[in-house]
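Report on one structure; see the data block that follows.
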Amino acid sequence: MPERSDLESRTRYEPAEVEPRIVDRWLESGLFHPEPEGTASENYSIAIPPPNVTGSLHMGHALNGAIQDVLIRHHRMRGQRTKWIFGTDHAGIATQTQVERRLIEEGTSREEIGREAFVRRAWEWREQYGSTIVNQFQRLGASADYEDERFTFDEGYVRAVTRVFVELYEKGYIYRDRYIVNWDPGSRSAISDLEVEEREVDDTLYYIDYDLEGGGKVTVATVRPETMLADTAVAVNPDDERHHDLVGRTAILPLVGRRLPVIADEFVKTDFGTGQLKITPGHDPNDFEIGQRHGLDQVTVIGEDGRMTEEAGERFAGLPVLEAREAVVAELEAEGRIAKREPYRHAVPFSHRSGERIEPLVSLQWFMRMEELAEPAIRAVLDGRVRIHPAGQRQVYLDWMGAIRPWCISRQLWWGHQLPVWYRGEETYVGETPPEGEGWERDPDVLDTWFSSALWPFATLGWPDDTPQLRAFYPTDVLSTARDILFLWVARMIMMGLEFAGDVPFEDVYVHSVIQAPDGRRMSKSLGTGIDPLDEIETHGADAVRFGLLAMSSTQDVRYSAEKIQQGEALANKLWNASRLILLGVDEAARPEPRPRTVEDRWILGRLIDARTQAVERIDAFDFSRAALGLYEFVYGELCDWYLELVKPRLYEGDPDLSATLLYLLRETLGLAHSVIPFVTEEIWSYLPGAEGLLAGWRFVEPDHSLRDPRAEQEVQRLIDAVTALRSWRATVRVPAGATVPARLEADGYDATAEQLARLARFAFAADSGEPVATVPVPGGKVQVLAGGGFDPEEAERRRGARRAELEAEIARAEGKLANERFVERAPAHVVEGERAKVERLRGELEAL
RNA sequence: GGGCGGUUAGCUCAGCUGGCUAGAGCGCCUGCCUUACAAGCAGGAGGUCGCAGGUUCGAGCCCUGCACCGCCCACCA
């Protein structure tokens with residue numbers, strides 16, 4: 001049990017000491033693991049975007065973790081049965097690449113040790129590193145259901161993946177085809193369009209002459225001369241008058257001698273190059289389609305190993321692509337066929353995974369047709385069953401879904417869900433269990449990682465079985481994620497959820513900011529711009545990092561702000577020290593209970609209700625920045641700066657009602673702040689008299705609106721404004737900080753607060769009728785400063801003059817408005833009224849001066 | 001090429017459906033070790049809201065054009 005002496009000695013909150021033991025207490029409590037009872041509509045659930053099993057926490061995880069945890073803790077404290085579905089993704093390419101790298105370091109390779117041994121190594125890798133990211137989420141304070149952790153290779157999960165594949169195959173959506181794909185030489189696998197990124201590259205554009213049969217020539221432009229070996233046609237635009245006569249003729253492919261028909265196709269641009277285009281259906285996606293339109297042959301001269309094939313001819317076979325390019329150019333040069341070369345900068349596809357340049361090639365792969373699944377997923381967003389925030393992302397989703405293309409789902413990897421497909425001669429078998437009979441061979445390919453991820457919200461809950469978990473937590477409530485996987489993952493979850501789980505997978509999609517480096521560049525390890533959230537947690541505390549990230553977050557991308565983290569750190573420390581003041585000062589027997597006795601008591605109870613109401617609204621609206629900053633404002637600007645200062649004398653005297661009120665305020669504030677800064681609030685909770693169990697498991701009660709007292713709130717606001725005015729005056733006229741200023745209060749509305757005003761501003765009010773030496777306007781009147789208080793009369797005069805000028809200018813402005821008939825006529829009454837009231841107020845102040 | 005978002009204090013950002021003298025944090029200046037916190041407290045300076053037009057009684061906010069910056073999508077070799 002915490003000791004009072006600890007509170008006395010710990011004048012500074014030390015997150016690094018506190019947070020790890022709080023994590024342990026939470027995990028031991030079982031609070032994060034709900035029993036699957038009730039219905040999904042009454043419960044609250046979120047499925048985490050599963051991090052890569054061997055990954056580690058980056059800033060995006062930290063932000064998204066903070067966001068989801070705020071939602072989860074908030075709803076848990078509002079009394080809902082709450083489940084944060086947690087687990088990890090096998091992350092096909094990423095994990096396989098890491099394991100392969102290790103093998104190469106050991107002087108071997110995946111080919112050398114074979115598939116079985118490789119998969120075993122990958123599992124070992126997972127055993128070794130799989131807990132890292134889990135511990136890191138725990139360190140962040142994420143209150144996920146770790147007792148029910150899922151992995152995309154869990155037995156049940158694999159069953160779900162297989163079931164979905166087989167059903168989609170049986171429906172005819174999944175098919176095998178020979179088609180041009182994005183071949184990633186780095187991972188030696190096909191990848192989907194979404195895993196390709198364009199990068200600007202400096203290339204050379206070569207102009208090559210091809211002879212025409214019967215005389216003449218065509219000149220084609222290309223950045224990849226080596227692919228000419230696979231040309232099967234030359235094309236011109238049908239409307240290009242320069243080349244009309246060429247259509248139907250035959251060109252001779254240099255170095256190879258193949259006869260190439262000259263065809264007409266709309267794709268060819270008349271204003272690029274020569275308007276004559278070499279057609280290479282085997283190695284260019286556009287040419288592939290042109291080839292299909294015209295029934296051209298596909299020749300493959302580049303193999304999956306990135307080297308030229310036998311078909312390239314014996315001079316080139318076996319050469320890596322770049323060497324082949326040089327060799328081809330050299331031979332063309334020797335034949336005098338390079339008409340021109342020019343430097344050329346253009347966008348080229350690269351693998352998002354391996355970073356290598358994509359090699360488009362024709363390959364036999366499994367594809368999934370998407371239109372049928374997209375249609376209901378579009379409708380779900382259009383009719384609001386799924387709401388996407390911010391709204392701009394909704395249109396992006398709809399546009400992409402409306403133009404959806406087939407998805408290449410097979411990957412030539414070993415770490416993944418192997419296709420449930422077997423072949424025997426010409427026969428193909430697809431099923432959840434292996435086929436009967438001899439001689440079947442299983443397709444070696446695995447599924448795109450995103451295929452299994454698409455099932456995450458329901459496969460984690462036990463689908464395809466009808467489980468209590470599914471009934472209690474599907475559909476989930478919110479999916480929070482980064483923009484870059486809106487198509488890759490979110491859209492596919494919606495499609496799969498509707499098709500297989502019979503409902504949308506979540507009702508709200510929150511697309512959060514991308515946190516950029518402080519200089520605006522992308523945060524990345526390779527650029528050296530990455531900031532490790534765990535380092536930040538170590539130095540500033542998880543509360544600070546959570547607060548800072550939430551305060552930074554926005555509907556657009558934001559730069560990482562060290563100041564916001566420090567603001568969070570300051571808030572945690574402030575709350576800790578405010579709690580020390582309260583806990584060390586209250587009666588030992590006191591228990592939390594609102595017992596307002598004074599105007600400031602009534603005022604702060606009203607402020608608390610407002611703070612709480614706003615927090616709920618903001619969190620419900622996914623406005624995390626304002627939720628965090630609003631909390632800061634309440635704790636600093638209202639509770640600490642004013643209320644605690646106001647009640648200190650009563651606290652030192654020992655007022656039992658105040659003790660009860662203070663403990664109540666502290667308890668409610670801890671509850672209010674907990675979802676944002678869970679650690680420091682939990683730590684303080686452990687010292688709070690009358691607090692039972694863990695704050696993480698505490699249930700909010702609805703605010704008691706009968707505690708509101710608008711008049712008291714007004715009086716205290718007036719007091720605050722007056723104190724501020726007097727402090728400002730004494731600072732500018734150089735009253736010594738410790739001095740008390742003798743004065744007479746000539747203002748209304750301070751019956752209950754005059755004493756406080758004098759104390760906080762260090763003035764002494766007397767009924768003295770002496771001649772004032774200076775006047776300070778305060779709301780409702782003025783304070784007449786009497787002789788005896790030392791101040792700088794010149795400064796006082798300067799201040800008075802400056803203020804007078806300000807007031808006159810503002811009064812003139814407002815009166816100008818009011819003199820404008822059209823304003824009085826057309827502006828809403830309350831605006832006009834407000835303007836009149838302003839003039840009156842400012843005139844009052846001017847007169848007081 | 002198409003689309004989306006941005007440009008507000010020295011820095012990072014708020015500013016909701018147009019309406020008090022445009023705000024916050026940090027930084028800066030001044031003063032205070034006031035028995036919760038000096039990583040604190042109090043006070044202060046600092047902004048022609050990217051540019052040019054327009055609508056309106058009234059524009060940081062709405063409209064048009066322009067200039068930069070960022071992101072997404074897209075099949076010019």
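The model shown is predicted, which means the values in this text are computed figures rather than measured ones.
Using a 4.0 Å heavy-atom cutoff across all strands shown, A:Arg841 reaches at least one base atom of the nucleic acid. Heavy atoms of A:Thr724 sit under 4.0 angstrom from primed sugar atoms or phosphate atoms, though from no base atom. Residue A:Leu277 is classed as a base contact, given a heavy-atom separation below 4.0 Å to a base. Here A:Ala827 lies in heavy-atom contact (under 4.0 Å) with a base. Residue contacts shown for A:Leu842 include a base, since a base heavy atom lies under 4.0 Å away. Residue contacts for A:Gln566: at a heavy-atom cut-off of 4.0 Å it reaches no nucleic acid atom on any strand shown. At a threshold of 4.0 angstrom between heavy atoms, the contacts of A:Tyr207 with the nucleic acid are absent. Base engagement by A:Arg762 is indicated by at least one non-hydrogen atom pair under 4.0 Å involving a base atom.
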Look for any protein N or O under 3.5 Å of an N or O in nucleotides 67-74 of chain B and output each such pair with its distance, or none.
| from | atom 1 | to | atom 2 | distance (Å) |
| --- | --- | --- | --- | --- |
| B:C71 | O2' | A:Arg483 | NH2 | 3.4 |

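Residue A:Val268 places its side chain closer to B:A77 than to any other of B:A77, B:G25, B:U35. Taking only side-chain atoms of A:Arg580, from C-beta outward, the nucleotide of B:C41, B:C16, B:A36 with the closest atom is B:A36. Listed nucleotides: B:G43, B:G5, B:A36. Nearest to the side chain of A:Gln556: B:G5. Closest contact between the side chain of A:Tyr652 and the listed nucleotides B:C75, B:C76, B:A36 involves B:A36. For A:Pro828, the listed nucleotide lying nearest its side chain is B:G19; candidates were B:G19, B:C75, B:C37. Here B:G19 is the nucleotide among B:A42, B:G19, B:C76 with the atom lying nearest to any side-chain atom of A:Val831. When distances run from any side-chain atom of A:Asn573 to the nucleotides B:A77, B:A39, B:C41, the shortest one goes to B:A39.
The C1' atoms of B:A74 and B:G2 are separated by 7 Å, rounded to the nearest whole Å. Going from the P atom of B:C61 to that of B:A45 covers 26 Å, rounded to whole Å. Look at the P atom in both B:G44 and B:C37: the space between them is 25 Å, to the nearest Å. B:G31 sits 45 Å from B:C69 when the P atoms are compared, rounded to a whole Å. Taking atom C1' in both B:G54 and B:U12, one finds a spacing of 33 Å when rounded to whole Å. Nucleotides B:G40 and B:C20 have their P atoms positioned 33 Å apart, rounded to a whole Å. Between B:U7 and B:C11, the two P atoms lie 14 Å apart (nearest whole Å). Separating the C1' atom of B:U56 from that of B:G3 is a span of 31 Å, rounded to the nearest Å.
Place A:Val824 and A:Met552 on RNA chain B by their nearest nucleotides, and A:Met552 ends up nearer the 5' end. Along RNA chain B, the nucleotide nearest A:Glu563 and the nucleotide nearest A:Pro518 are compared for position; the residue whose nucleotide lies closer to the 5' end is A:Pro518.
Contact annotation: A:Lys648 side-chain N/O to B:A36 OP1/OP2 distance is under 4.0 Å. Proximity of A:Tyr344 to the phosphate of B:A77: a side-chain N or O atom is located under 4.0 Å from OP1 or OP2. Between A:His346 and B:A77 there is a side-chain polar atom (N or O) within less than 4.0 angstrom of OP1 or OP2. For A:Lys564, no side-chain nitrogen or oxygen approaches OP1 or OP2 of B:C11 to under 4.0 Å. Side-chain nitrogen and oxygen atoms of A:Ser561 include none within less than 4.0 Å of the OP1 or OP2 phosphate oxygen of B:C11. Residue A:Ser554 places at least one side-chain N or O under 4.0 Å from the OP1 or OP2 atom of B:A14. Contact annotation: A:Tyr560 does not reach the phosphate of B:C13 (side-chain N/O to OP1 or OP2, under 4.0 Å).
Remark: P of B:A77 and NZ of A:Lys269 are 10 Å apart, rounded to the nearest angstrom. Rounded to an integer number of Å, the gap from CZ of A:Arg325 to C1' of B:A77 is 13 Å. Straight-line distance from the OH atom of A:Tyr397 to the P atom of B:G5: 20 Å, rounded to whole Å. For A:Asp623 and B:C13, the CG to P distance is 16 Å, given to the nearest whole Å. When the P atom of B:G43 is taken as reference, atom CG of A:Asp721 falls 12 Å away, rounded to whole Å. Rounded to whole Å, the distance from CD on A:Gln395 to P on B:G5 is 10 Å. Atom-to-atom, CG of A:Asn820 to P of B:U56 comes out at 14 Å; the value is rounded to the nearest Å. Rounding to whole angstrom units, CD of residue A:Gln567 and P of B:G25 are separated by 7 Å.
In the model, A:Gln717 has a side-chain atom that pairs as donor or acceptor with a side-chain atom of A:Asp721 under 3.5 Å. Judged by distance alone, the side chains of A:Arg799 and A:Thr732 do bring a donor and an acceptor atom under 3.5 Å apart. Side-chain contact check for A:Thr270 and A:Asn237: no donor-acceptor pair (N or O, by modelled atom type) lies under 3.5 Å. Side chains of A:Asn182 and A:Asp193: a donor-acceptor N/O pair is present below 3.5 angstrom, by distance only. At a cut-off of 3.5 Å, with distance as the only test, a side-chain donor of A:Lys278 or A:Thr227 sits close to an acceptor on the other residue. Side-chain contact check for A:Glu536 and A:Tyr560: at least one donor-acceptor pair (N or O, by modelled atom type) lies under 3.5 Å.
Remark: A:Lys574 qualifies as a cation-pi partner of A:Tyr636 under the 6.0 Å distance and 45° angle criteria applied to the six-membered ring.
Heavy atoms from other residues, nucleotides or ligands lying under 6.0 Å from CD of A:Glu200 number more than 12. The neighbour count for A:Glu342 CD, taken as heavy atoms of other residues, nucleotides or ligands under 6.0 Å away, is above 12. At most 12 non-hydrogen atoms from other residues, nucleotides or ligands lie less than 6.0 angstrom from NE2 of A:His352.
Looking at A:Arg199, its side chain never comes within 3.5 Å of a backbone N or O of A:Pro349 through a donor-acceptor pair. A donor-acceptor contact shorter than 3.5 Å links the side chain of A:Arg580 to the backbone of A:Glu8.
Scanning atom types as modelled, one donor and one acceptor separated by under 3.5 angstrom connect the side chain of A:Arg12 and the base of B:A39.
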RNA chain B in dot-bracket, Watson-Crick or G-U pairs under 3.5 Å, [ ] crossing, | other strand?
(((((((..((((.....[...)))).(((((.......))))).....(((((..]....))))))))))))....

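Scanning both residues, A:Ala814 and A:Glu835, for their nearest heavy atoms gives CB-OE2, 3.6 Å.
A salt bridge links A:Arg242 with A:Asp240; the closest basic N to acidic carboxylate O contact falls under 4.0 Å.
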